[in-house]
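We name chains A, B, ... by the order of the sequence lines, and we start the count at 1 in each one.
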Number of protein chains: 2
Amino acid sequence: MAAKGFSAEGAGFLRRTHYVPTIMKACCSAKGRPREFCADTALAAALRVFWSKGYEGASLTDLTEAMGITRPSLYAAFGNKEALFKMALDLYEREKLDYIGEALKEPTARKVAEHLLRSALEMQMSNSDPKGCMGVINAVACGAEAESIRAEVIHRGRVAKQGLIDRFERAKAEGDLPPDTDAVGLTSYLTAIMQGLAVQGGAGASCQDLKALIDTSLAMWPEA
Amino acid sequence: MAAKGFSAEGAGFLRRTHYVPTIMKACCSAKGRPREFCADTALAAALRVFWSKGYEGASLTDLTEAMGITRPSLYAAFGNKEALFKMALDLYEREKLDYIGEALKEPTARKVAEHLLRSALEMQMSNSDPKGCMGVINAVACGAEAESIRAEVIHRGRVAKQGLIDRFERAKAEGDLPPDTDAVGLTSYLTAIMQGLAVQGGAGASCQDLKALIDTSLAMWPEA
DNA sequence: GCGTTTCTATACTGGGCGGTATAGAAGATA
DNA sequence: TATCTTCTATACCGCCCAGTATAGAAACGC
């Protein structure tokens, strides 16, 4: 409602504040005192906070403490909380979901599924990253304030899902999947397993439980 | 932290306030002015709010407006927000998750799974209830304030899951499932699908997408 | 009718939220 | 060194949150 930040069309806030968030500037502007913190490092810290607490659960105090910067620095560098979240989401997709793109390159539908599930499992079992999944956490997010965030996350999810649908359609065309296969249904199914994995991981399931989940899922897949 | 409500041990708040939440009294106490609203109806309204917004996303204003009562009435009748949530959760399990108990009575493991998935799908496609799943929404909940809520929801989920594990163990003993079946893994797998269904339902997936998800899941199950 | 009890309505408290104004410190150019 | 730019630090704003004190109205037993 009062979300008149710059993230919507991007231009509004430029008229309201006297400088541009420096993260958006050309990477090295020579003038003036340089920033004392590393924007990338700070963004990575912000990602961890959003990842473990969700958009609404992450307060600015949580964020600034984790990032090691003050509130005005955050606003100067990233715009506002919403914009910071979206940048963190970009980072997340780039660094943590790159296995999806890799999986699509596998030669058969089953190998795609196997790559996806095993990678998702691996990520969920990592103990250097927060549990759960940014997407699931925030697609299920609660409050009204986060509606735009929810929409963004859901949109990105749909895009990723479409890539998988296309891949399975191709598999059908290549005779790799039976011609009467429902590619959309298969994608929803595979996605559901990964979402369930994230939910259970976020709820504190043990690594062996998660592994059993994925092993069972792969045992279900035909032509094992 | 300041959660010194009555839900923990139940006795604390009795010393702090001069009357007992009337919902906990014997159902008809003759004395005094009777309550003007129906506690059950109000609780059902509260459930819908918690269901669609989550624990933290539901403000007292949301709740009292939906329930048609004032703030002090809510506190008098239900104790506090946390206690209200747990009562709503009881109602949810009793009225909306009764199909789980029914499913366990099916004669074969596959029929159990089929009953579960079809019922979950039906619930998700209902347009008289909120989308998503109380459990998933709140097990993934964000804030620190909701930690006790999260724990409660997760605990209830574990109990339900155990029932399913036992059922599959029985199926193994009856020769209905192969003896080398991983009952825990199978349960986690089935649970994951239902969680994924709820996530996708909550994220606005169409009914036909959800149906395709379940149909594909059932097609995967052996001995179709 | 009375007196008691328990309801409701209003208005308030302290605290945390997202976001910002202001002022001073520090690096860069010259 | 002088000046300018852009950083940082502190303290603040209005808003909404969960929860409550107070006071008045309504229904019961007698």
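Of the residues in residues 49-66 of chain A, those lying under 4.0 Å from DNA chain C by heavy-atom distance are A:Ala58, A:Ser59, A:Leu60, A:Thr61.
For the pair B:Asn80 CG and D:dC17 C1', the computed distance is 14 Å after rounding to whole Å. Between A:Ile149 atom CD1 and C:dG18 atom P the separation is 12 Å, expressed in whole Å. Distance CZ (B:Phe37) to C1' (C:dC7): 9 Å, rounded to an integer number of Å. One can place CG of A:Leu74 at 11 Å from P of C:dG18, the figure rounded to the nearest angstrom.
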Run the side-chain donor-acceptor check on residues 97-105 of chain A: report pairs under 3.5 Å with partners two or more places apart or on a different chain.
residue	atom	partner	partner atom	Å
A:Glu102	OE2	A:Lys105	NZ	3.4

Could you list the donor-acceptor pairs under 3.5 angstrom formed by side chains in residues 63-70 of chain B, with sequence neighbours left out?
residue	atom	partner	partner atom	Å
B:Thr64	OG1	B:Leu60	O	2.8
B:Thr64	OG1	B:Thr61	O	3.2
B:Thr70	OG1	B:Ser73	OG	3.1

Report, one line per pair, each donor and acceptor closer than 3.5 Å where one atom sits in a side chain of residues 150-157 of chain B; sequence neighbours left out.
residue	atom	partner	partner atom	Å
B:Arg150	NE	B:Glu147	OE2	3.4
B:Arg150	NH1	A:Gly202	O	3.4
B:Arg150	NH1	B:Ala139	O	2.9
B:Arg150	NH2	A:Gly202	O	3.4
B:Glu152	OE2	B:Arg156	NE	2.8
B:Glu152	OE2	B:Arg156	NH2	2.9
B:Arg156	NH1	B:Asp90	OD1	2.8
B:Arg156	NH1	B:Glu93	OE1	3.2
B:Arg156	NH2	B:Asp90	OD1	3.1

May I have the list of side-chain donor-acceptor pairs in residues 45-53 of chain A shorter than 3.5 Å, sequence neighbours left out?
residue	atom	partner	partner atom	Å
A:Arg48	NH1	A:Ser128	O	2.7
A:Arg48	NH2	A:Ser128	O	3.2
A:Trp51	NE1	A:Gly132	O	3.2
A:Ser52	OG	A:Arg48	O	2.8
A:Ser52	OG	A:Val49	O	3.4
A:Lys53	NZ	A:Asp62	OD2	3.3

Polar pairs (N or O, both sides) under 3.5 Å between protein and nucleotides 23-25 of chain C?
residue	atom	partner	partner atom	Å
C:dA25	N3	A:Arg33	NH1	3.3

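With sequence neighbours left out, the ring-ring contact (aromatic ring centres under 6.0 Å, His included) criterion links B:Tyr189 to no other residue. Under the side chain to side chain contact (heavy atoms under 4.5 Å, CB included) criterion, A:Asp166 pairs with A:Gln162, sequence neighbours left out. Considering only residues two or more places apart in sequence or on other chains, B:Phe168 meets the ring-ring contact (aromatic ring centres under 6.0 Å, His included) condition with none of them.
Considering CD of B:Gln124 and CD1 of B:Ile214, their distance stands at 9.0 Å, rounded to 0.5 Å.
Side-chain N/O atoms of A:Thr70 include none lying less than 4.0 angstrom from OP1 or OP2 on D:dT8.
In terms of position along DNA chain D, the nucleotide closest to B:Arg71 lies nearer the 5' end than the nucleotide closest to the other residue of the pair B:Glu36 and B:Arg71.
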